[in-house]
Visitor: 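Dropping a structure here in structure tokens format, bear with me for questions.
No hydrogens, no waters, no symmetry mates; every other heavy atom, side chains included, goes into these values. When a ligand or atom number is given, it counts from 1 through the structure's own listing order.
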Amino acid sequence: MIIAVDGPAASGKGTIAKALAAHFGLPHMDTGMLYRAVALNLWRWGGDPGNEFEALRACDMLNIDPDDEELRSEPVSRIASSISAYPSVRTALRERQQEFAGQPGGAVLDGRDIGTVIAPKADVKLFVTASPEVRAERRSKELTARGMPAHFDEVLADIRARDERDSTRDTAPLRQADDALLIDTTDQDVPAACADAIRRVEELMASR
Ligand code: CDP
């Protein structure tokens with residue numbers, strides 16, 4: 001069973017994807033980490049995010065340490081959002097994601113284009129969203145908890161800018177797949193959002 005979870009920044013898609021993976025006993029991939037790892041590589045080399053060729057070079061030898069705090073820093077988030085618009089970067093990262101999705105038994109992947117491009121035939125697709133203000137509040141708390149200074153207004157502006165860039169790019173823009181279930185977590189805390197997602201997926205599977 002392949003479960004595709006897409007949605008904008010800080011919508012709760014990662015948390016929901018992890019909960020679904022644990023519930024159904026499936027492996028999980030946070031595909032945003034791949035783009036962040038490329039961004040971090042580029043940043044450390046001092047490469048130019050405005051140059052597609054340099055961004056593509058940063059896809060080579062991608063070592064990902066999920067515990068590296070810098071992966072979630074604001075400069076890296078911003079670079080990830082800009083280099084993810086390059087078609088060559090997306091192609092370079094596609095195979096890794098499709099191999100993960102195609103493993104025997106299935107997988108849960110979360111990102112922006114899982115249900116539309118990476119796994120368009122996924123058995124279950126969720127599109128997780130929430131208002132920009134609520135998402136900015138969550139991201140500010142998350143950053144503060146990690147000891148990174150965060151100002152709500154700046155985080156909100158950044159989230160809006162990333163939404164705009166991710167949704168309007170030509171290659172694999174962020175959009176809800178026609179057959180995706182919509183989960184709006186604006187008024188849901190983490191346990192409620194995860195329980196709702198699990199219930200909706202189980203209902204969908206029972207109806208087939
Ligand atoms: O956690 P958050 O939603 O803030 O970000 P993320 O999921 O880690 O993704 C970081 C950036 O990578 C996003 O702003 C997207 O531009 C890009 N991304 C993408 O283009 N396609 C994906 N499948 C995953 C992330």
Visitor: How far is atom 13 (C) of ligand 1 from its nearest protein heavy atom, and which residue and atom is that?
Guide: R112 NH2, 3.2 Å

Visitor: Among all protein heavy atoms, pick out the one at the shortest distance from atom 16 (O) of ligand 1; state its residue, atom name and that distance to 0.1 Å.
Guide: D166 OD1, 2.7 Å

Visitor: Yes or no: does A10 have any heavy atom under 4.0 Å from an atom of ligand 1?
Guide: yes

Visitor: Would you indicate whether the side-chain heavy atoms of L174 and P8 approach each other to under 4.5 Å?
Guide: yes

Visitor: Between D166 and R169, does at least one N-O distance fall below 4.0 Å, as a salt bridge requires?
Guide: yes

Visitor: Mind checking whether A85 contacts ligand 1 via backbone (N, CA, C, O), side chain (CB onward), both or neither, at a 4.0 Å heavy-atom cut-off?
Guide: neither

Visitor: Provide, to 0.1 Å, the distance between atom 20 (O) of ligand 1 and the closest protein heavy atom, together with that atom's residue and name.
Guide: R90 NH1, 2.7 Å

Visitor: Establish whether M33 and V89 are linked, either directly or via other cluster members, by ILVMFWY side-chain heavy-atom contacts under 4.5 Å.
Guide: yes

Visitor: Taking 4.0 Å as the limit for heavy-atom contacts, which would you say applies to R165 with ligand 1: side chain only, backbone only, both, or neither?
Guide: neither

Visitor: So, for F24 and E202, which heavy atoms are closest and what is the spacing to 0.1 Å?
Guide: CZ-CG, 4.0 Å

Visitor: For R200, does the CZ atom have more than 12 heavy-atom neighbours from other residues, nucleotides or ligands under 6.0 Å away?
Guide: yes

Visitor: At what distance is the nearest protein heavy atom to atom 14 (O) of ligand 1, and which residue and atom is it?
Guide: R162 NH1, 2.8 Å

